[in-house]
J.: 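Structure provided below as C-alpha coordinates; questions to follow.
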Amino acid sequence: MRLLAFGKLSHLNVDDLAVPPTVTDTDALRRFLGQRWPQIAAPEIRIAVNQTLVQGVVPLSPDDEIAFLPPMSGG
(Lines give C-alpha, C1' and ligand atoms only; values in the text may rest on other atoms or scores of the structure.)
Protein backbone atom coordinates (compact mmCIF):
# COMPACT_ATOMS: atom_id res chain seq x y z
CA MET A 1 0.00 0.00 0.00
CA ARG A 2 1.26 3.45 -0.83
CA LEU A 3 0.20 6.08 1.72
CA LEU A 4 0.10 9.83 1.09
CA ALA A 5 -0.87 12.75 3.32
CA PHE A 6 -1.66 16.24 2.06
CA GLY A 7 -2.18 19.73 3.47
CA LYS A 8 -1.81 20.05 7.22
CA LEU A 9 -1.11 16.30 7.37
CA SER A 10 1.84 16.42 4.98
CA HIS A 11 4.35 16.54 7.86
CA LEU A 12 3.32 13.03 8.94
CA ASN A 13 5.64 10.33 7.67
CA VAL A 14 2.90 7.97 6.54
CA ASP A 15 4.84 7.02 3.40
CA ASP A 16 7.54 5.39 5.56
CA LEU A 17 5.08 3.22 7.48
CA ALA A 18 4.64 -0.49 6.84
CA VAL A 19 0.96 -1.41 6.96
CA PRO A 20 0.31 -4.85 8.43
CA PRO A 21 -1.53 -7.40 6.27
CA THR A 22 -4.41 -7.43 8.76
CA VAL A 23 -5.40 -3.93 7.57
CA THR A 24 -7.82 -4.79 4.76
CA ASP A 25 -10.17 -1.80 4.60
CA THR A 26 -10.25 1.97 5.10
CA ASP A 27 -11.75 1.71 8.58
CA ALA A 28 -8.98 -0.59 9.80
CA LEU A 29 -6.36 1.63 8.17
CA ARG A 30 -7.74 4.74 9.86
CA ARG A 31 -7.71 2.96 13.24
CA PHE A 32 -4.17 1.64 12.69
CA LEU A 33 -2.78 5.04 11.69
CA GLY A 34 -4.84 6.81 14.36
CA GLN A 35 -2.89 4.99 17.07
CA ARG A 36 0.22 6.89 15.97
CA TRP A 37 -1.37 10.03 14.55
CA PRO A 38 -4.79 10.71 16.14
CA GLN A 39 -5.49 13.56 13.69
CA ILE A 40 -5.79 11.02 10.82
CA ALA A 41 -8.63 9.30 12.67
CA ALA A 42 -10.67 12.52 12.76
CA PRO A 43 -13.93 12.21 10.81
CA GLU A 44 -13.26 15.38 8.78
CA ILE A 45 -10.18 13.77 7.17
CA ARG A 46 -11.22 12.40 3.79
CA ILE A 47 -9.70 9.35 2.16
CA ALA A 48 -8.99 8.79 -1.52
CA VAL A 49 -8.29 5.29 -2.80
CA ASN A 50 -6.49 5.20 -6.14
CA GLN A 51 -7.28 8.91 -6.65
CA THR A 52 -11.03 8.51 -5.99
CA LEU A 53 -12.63 9.98 -2.87
CA VAL A 54 -14.42 7.29 -0.90
CA GLN A 55 -16.90 7.23 1.96
CA GLY A 56 -17.65 4.52 4.45
CA VAL A 57 -15.69 1.30 4.67
CA VAL A 58 -13.90 0.40 1.43
CA PRO A 59 -11.83 -2.77 0.92
CA LEU A 60 -8.12 -2.23 0.27
CA SER A 61 -5.48 -4.26 -1.51
CA PRO A 62 -1.67 -4.11 -1.17
CA ASP A 63 -1.39 -2.33 -4.54
CA ASP A 64 -3.71 0.56 -3.60
CA GLU A 65 -2.66 4.18 -3.22
CA ILE A 66 -4.33 5.78 -0.20
CA ALA A 67 -4.35 9.54 0.32
CA PHE A 68 -5.47 11.40 3.43
CA LEU A 69 -6.95 14.82 2.75
CA PRO A 70 -7.75 17.43 5.40
CA PRO A 71 -10.62 19.86 4.89
CA MET A 72 -9.81 22.66 2.46
CA SER A 73 -9.81 26.22 3.65
CA GLY A 74 -10.81 29.03 1.37
CA GLY A 75 -8.77 32.07 0.60
Side-chain angles (χ1 to χ4, degrees):
M1 232 175 268
R2 181 172 181 225
L3 303 179
L4 306 167
F6 293 96
K8 68 180 182 179
L9 302 174
S10 63
H11 70 282
L12 306 178
N13 293 323
V14 295
D15 55 331
D16 293 337
L17 192 65
V19 178
T22 55
V23 174
T24 59
D25 61 43
T26 52
D27 190 47
L29 180 61
R30 193 185 288 266
R31 281 193 315 271
F32 171 71
L33 295 175
Q35 292 174 5
R36 187 169 186 174
W37 299 293
Q39 60 270 47
I40 278 189
E44 65 270 11
I45 302 301
R46 307 220 29 215
I47 296 177
V49 177
N50 298 322
Q51 301 181 4
T52 300
L53 285 174
V54 298
Q55 292 183 348
V57 180
V58 175
L60 298 174
S61 72
D63 295 329
D64 286 337
E65 177 186 83
I66 315 303
F68 295 92
L69 310 160
M72 298 293 215
S73 60

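The structure presented is a predicted model; accordingly, all values stated were derived computationally and were not measured. Side chains are part of it too, since the values below use all heavy atoms of this structure and drop only hydrogens, waters and symmetry mates.
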J.: Tell me which pairs pass salt bridge (charged side-chain N to carboxylate O under 4.0 Å, His left out) where either residue lies in residues 33-60, with sequence neighbours left out.
T.: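 For residues 33-60, and leaving out neighbouring residues, there are no salt bridge (charged side-chain N to carboxylate O under 4.0 Å, His left out) pairs at all.
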J.: When rounded to the nearest 0.5 angstrom, what distance separates CD1 in I40 from CG in L33?
T.: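 Answer for the CD1-CG pair, I40 versus L33, is 5.0 Å.
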J.: Under 3.5 Å, side-chain donor or acceptor atoms of residues 2-17 against the rest of the protein: list the pairs with distances, not counting sequence neighbours.
T.:
| unit_1 | atom_1 | unit_2 | atom_2 | d |
| --- | --- | --- | --- | --- |
| R2 | NH1 | E65 | OE2 | 2.9 |
| S10 | OG | G7 | O | 2.9 |
| H11 | ND1 | K8 | O | 3.0 |

J.: Who pairs with P20 by side chain to side chain contact (heavy atoms under 4.5 Å, CB included), at least two apart in sequence or on another chain?
T.: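 P20: side chain to side chain contact (heavy atoms under 4.5 Å, CB included) contacts with T22, V23, F32.
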J.: Tell me which pairs pass salt bridge (charged side-chain N to carboxylate O under 4.0 Å, His left out) where either residue lies in residues 22-35, with sequence neighbours left out.
T.: D27-R31
J.: Please list all pairs passing the side-chain hydrogen bond (donor to acceptor under 3.5 Å, both in side chains) test where one or both residues lie in residues 47-62, with sequence neighbours left out.
T.: N50-D64, S61-D64
J.: A side-chain contact here means heavy atoms from C-beta on lying under 4.5 Å apart; do P71 and I45 qualify?
T.: yes
J.: Please assess V19 against L60 for the test side-chain contact (heavy atoms from CB on, under 4.5 Å), listing each intermediate value before the final yes or no.
T.: CA-CA 11 Å; V19 178; L60 298 174; over 6 Å; no
